[in-house]
Amino acid sequence: MSERDVFIAGSGVSGLYAAIILSKIGLSVQIAGTDENINNNNELLLFSPRSLHLLAQLDLLGPITQRGIRHWKFEIYQTKGQGNNSVTVDQQSIRLWDNETTEFNYSLSCEKSIVIEILKDYLDKEGIQIDENQEIIHIEERSQRVLTDAELSLYYQYRPLPMIHQPDEKILKSIHLKHRETKQVEMWKAQAIIGADGQSSFVRQKLGLSLVNYKQPEYTRVFYTLKIDVVSTNFPGIRQISTLCKNKDILYIIGHQTHLYITFEHKPSWTKLSIDEEIPLQIATRHIKCVMDPYTIEFGKMRNYYKWNGNNISSCEEYNVDTGYFLIGSASQCMNPPGLFDVNSNMEQVQNLCWKLALNLQHSASPKLLETFEPEIRIKTEESMHVSALFTNLIGDYYKDGNNNLNSSHSRDLIYQLRRFKNCFVGNTPFTANILNSENHHTIDDVSLLRDDTSSTPSFEFIGPPPPILSFSNSFLPVESPIMAGFLAPNAKLKPYTLFQLLLNLSSSTSSQQQQNLKPIPLLSHKSTTTAKEEKGKSSSLTIQTKNLMRKRRSNSVTTNNLTTIFSSIQLFQKSNSTSKKRIGNNNSSTTTTTTTTAAQAPSTTNTVDRWKSIKPNHLQLLDRIQTFNKNGCTFTILIFSGSIAETQEKTRNFVKLLESPASFIHRYERAHSNNDKHRNSIISLNSPISATEPIYQGRQSFDQPRRESFESFVDQNRFSSSTISSNSTYNHQPVSDSLFSILFVSSSSRNEAVKYLNNTPPATVHSTFPTGLNQVFLDHDGQCYKAYNIGKQNEVIVIRPDGYIGTRASIAKEEEGFERVSLYFDSFLRPPVDMNTAAAVVAAGYDC
């Protein structure tokens, strides 16, 4: 018998993806069983831009891209006539996946078997074994606590006695497995069970749940999908995703490498067969060529040919039972066409579940957090099922029963619907308001939304978005949507350097200038008459001069406002040990060198001049920077738009002081989060990973006043513990953080303004304004970040959830109100519940307050 944090039933795409995320967070995972939907069909999965972003976070996008095909356009063709009279009536091309939310403007197709192979290889490298020969035969729930004699007496007197759970009690589920070949039975124990074992899910049946059909039509619809090689063709959409309509017959075509995936509906009008009879391959290929005429095509080898039920659009009654059993993937929902909507909906479902489940199992959040999984995923599933039914109708018998079209033709109606539900294809449909998605227009006194009880059952009847503005162009009209709570955090460009890199460049330049201003002893001019001993003495004399000058300037570091100030305070922002000194000066002349020669000065000057040339002309991406500090997938990013550094530093500093205060939510919840994980050693996600061989520097770094214990002491533990940023390198380090919060600053200042701020501001002020480190202060690129997040004249703080959605936003024009707003937001789902049955609560209730 073995124990795991989470047991996953099913090794399909959803089960494997969930195992990867949970193992990355740090939970132990066991996978057993197979997904019964993995069969000879080998569906073609079509990943949306949002799904591509999720895969990129796990470094899975590269292997899948190498074996997949990118699709940039959705093409629509309408033809008529036969033989020599056949012509193309209409042809339109739509960039369906263009968006400003992610960095991907295309869709990626890859076969399901290949995706599963890549996911299994990833898990194998992580040491997670998958036993596909095991099948679940029984599940039961047990508590580790032994019943007292009084409880046993009650049990025998009033059977069955409900199981009594303590607040911090670990409740384990027992999973009994039987080997398919040896028939040997073994048992696993886990705190949570995730069912990802297909439409005939054993877990779902054990819970007594069923799949409910979505708007079941009155007639049976049968579709066929043909995967076939193409020898030659003049069809222009051979590498894209397209629909082709002739008369009342429609084909849905996906070009993938050297073959096509062609989907069509079974119609007795051209098959001359009943709906229950199989369509022979010869009849199917003849029909395809007839519909594609005037485009010619020569088929090669048939790779796959299967049928599927067009009415099979359904979802489970519940996705979560007792916060211990969860259903994902095809065990919880089914959509058509296979591989188009379901894979993206499943990945969003898994992403939403894993970080909430991890915080719940680690006792780092209130049970209300996990309760938001059901309503958030329900609304997205309802939309996906609605679009799935609509799209299935558009590629099937569209003209059946005198369909009332919004436009005059199939192509115009298809474009209209694609335009209307573009968010579903991109994957950036926003969540509805709840405790995790708090609107910014609520005041401090109006916290009804934050205190909302998520246990109430909302109505999930899907209402489509309003019709878009029609356009005669082939591209979508830009739609200005508000960036508010529940929306996916948009991506934007940043300057290719941080405030810390500017500081390093300034300090390096200052060091070179200081060395040049010194009057060195001419060692080379009298080399013929100078002995080696004299040369050594002169070098030592120069060293003493350098040390005295640097010591003199460091003594005035608090009051002097010049480049020397910044240079002398460099140890405020990094570790003052030999390792850091070597890494900062990654050239022939170090900023902290103790011996200087004229031979070493020349390359130093050259490297200083060429230092900024080494920075690549590309730009940083905001989402990449957020993900850099969210490696474990459970970190909330507090994004502070601080405006101009010089003009608004006081408001920013006041807001940061509130974050530093002992009553701050960061102390309240990060300490509890850290206590639940023995491996946590920081309170805020900082800059770089801690080296295993490098001691943590805990010395005093502010030289003008004593450091306050609490916030900054935890911050200093990891500040630049291994400086992977050198003065002549780009921002390329990859910190690994298990913290619950990370703080990032985005300034609207230009590079010149930032340099002026560093030159004229005392280091103590800089440190108090940005206590988490200057490499977490980014500069906006041409105002793109502020425009993407609709930041006006007032500075704002935006909370980004671990899954990339905006949690809340608040203005910090009034620092205390903004801080209170953010505190209430985290209190609503991180504050542990109060047991009102305790003796203390009963006694307190007896007093009149």
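Numbers for residues simply follow the sequence, beginning at 1.
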Under 3.5 Å, is there a donor-acceptor pair between the side chain of [X] and the main chain of [Y]?
X: D293; Y: G83; value: yes
X: Q349; Y: G329; value: yes
X: D249; Y: C245; value: no
X: D624; Y: Q621; value: no
X: N213; Y: N311; value: no
X: S411; Y: I76; value: no

Requested in this report: Would you please name every residue forming a ring pair (Phe, Tyr, Trp, His ring centres under 6.0 Å) with F326, sequence neighbours left out?
Outcome: none
**Report entry** H53: ring pair (Phe, Tyr, Trp, His ring centres under 6.0 Å) partners, not counting sequence neighbours
**Finding:** none
Requested in this report: Step by step, work out the salt bridge (Lys or Arg N to Asp or Glu O under 4.0 Å) result for K227 and E111.
Outcome: CA-CA 11 Å; K227 177 186 177 182; E111 294 180 351; 2.4 Å; yes
Query - Gap separating the CD1 atom of I238 from the CD1 atom of I253, nearest 0.5 angstrom - result: 8.0 Å
[X] versus [Y]: any side-chain heavy-atom pair under 4.5 Å?
X: P337; Y: W308; answer: yes
X: H256; Y: L260; answer: no
X: R50; Y: E348; answer: yes
X: M347; Y: F47; answer: yes

Ring centers of [X], [Y] separated by less than 6.0 Å:
X: Y805; Y: F431; answer: yes
X: F421; Y: F391; answer: no
X: W97; Y: Y106; answer: no

Assess the side chains of [X] and [Y]: does a donor N or O sit below 3.5 Å from an acceptor N or O?
X: E100; Y: N491; answer: no
X: S51; Y: S48; answer: yes
X: Q351; Y: Y17; answer: yes
X: E277; Y: S274; answer: yes

Query raised in the report: Should T263 and T225 be marked as a side chain to side chain donor-acceptor pair (under 3.5 Å) after you check the CA-CA gap, both sets of side-chain angles, and the distance that decides it?
Result: CA-CA 4 Å; T263 299; T225 297; 3.1 Å; yes
Heavy-atom closest contact ([X] atom, [Y] atom, distance):
X: F341; Y: N336; answer: CD1-O, 3.4 Å
X: Q333; Y: S345; answer: NE2-OG, 3.0 Å
X: A788; Y: P490; answer: O-CG, 3.7 Å

**Report entry** Pairing of D782 and K493 as salt bridge, 4.0 angstrom limit
**Finding:** no
Query raised in the report: Should R801 and E376 count as an ion pair when the cut-off is N to O under 4.0 Å?
Result: yes
Query raised in the report: Taking only residues at least two apart or on different chains, which pairs with a member in residues 76-90 satisfy salt bridge (charged side-chain N to carboxylate O under 4.0 Å, His left out)?
Result: none
Query - Listed partners of E132 passing salt bridge (Lys or Arg N to Asp or Glu O under 4.0 Å), at least two apart - result: K120
Report task. Mind checking salt bridge (Lys or Arg N to Asp or Glu O under 4.0 Å) for E278 and listing every partner two or more places apart, or none if nothing turns up? Result -> K307
Requested in this report: Could you give me the CA-CA distance, side-chain angles and deciding distance for Y306 and Y224, then say whether ring pair (Phe, Tyr, Trp, His ring centres under 6.0 Å) is met?
Outcome: CA-CA 6 Å; Y306 60 94; Y224 285 80; 9.0 Å; no
Query raised in the report: Can F74 and F425 be said to form a side chain to side chain contact (heavy atoms under 4.5 Å, CB included), step by step?
Result: CA-CA 11 Å; F74 191 104; F425 289 89; 5.7 Å; no
Tabulate below the donor-acceptor pairs under 3.5 Å that side-chain atoms of residues 59-69 make, not counting sequence neighbours, or state none.
unit_1 : atom_1 : unit_2 : atom_2 : d
T65    : OG1    : L61    : O      : 2.7

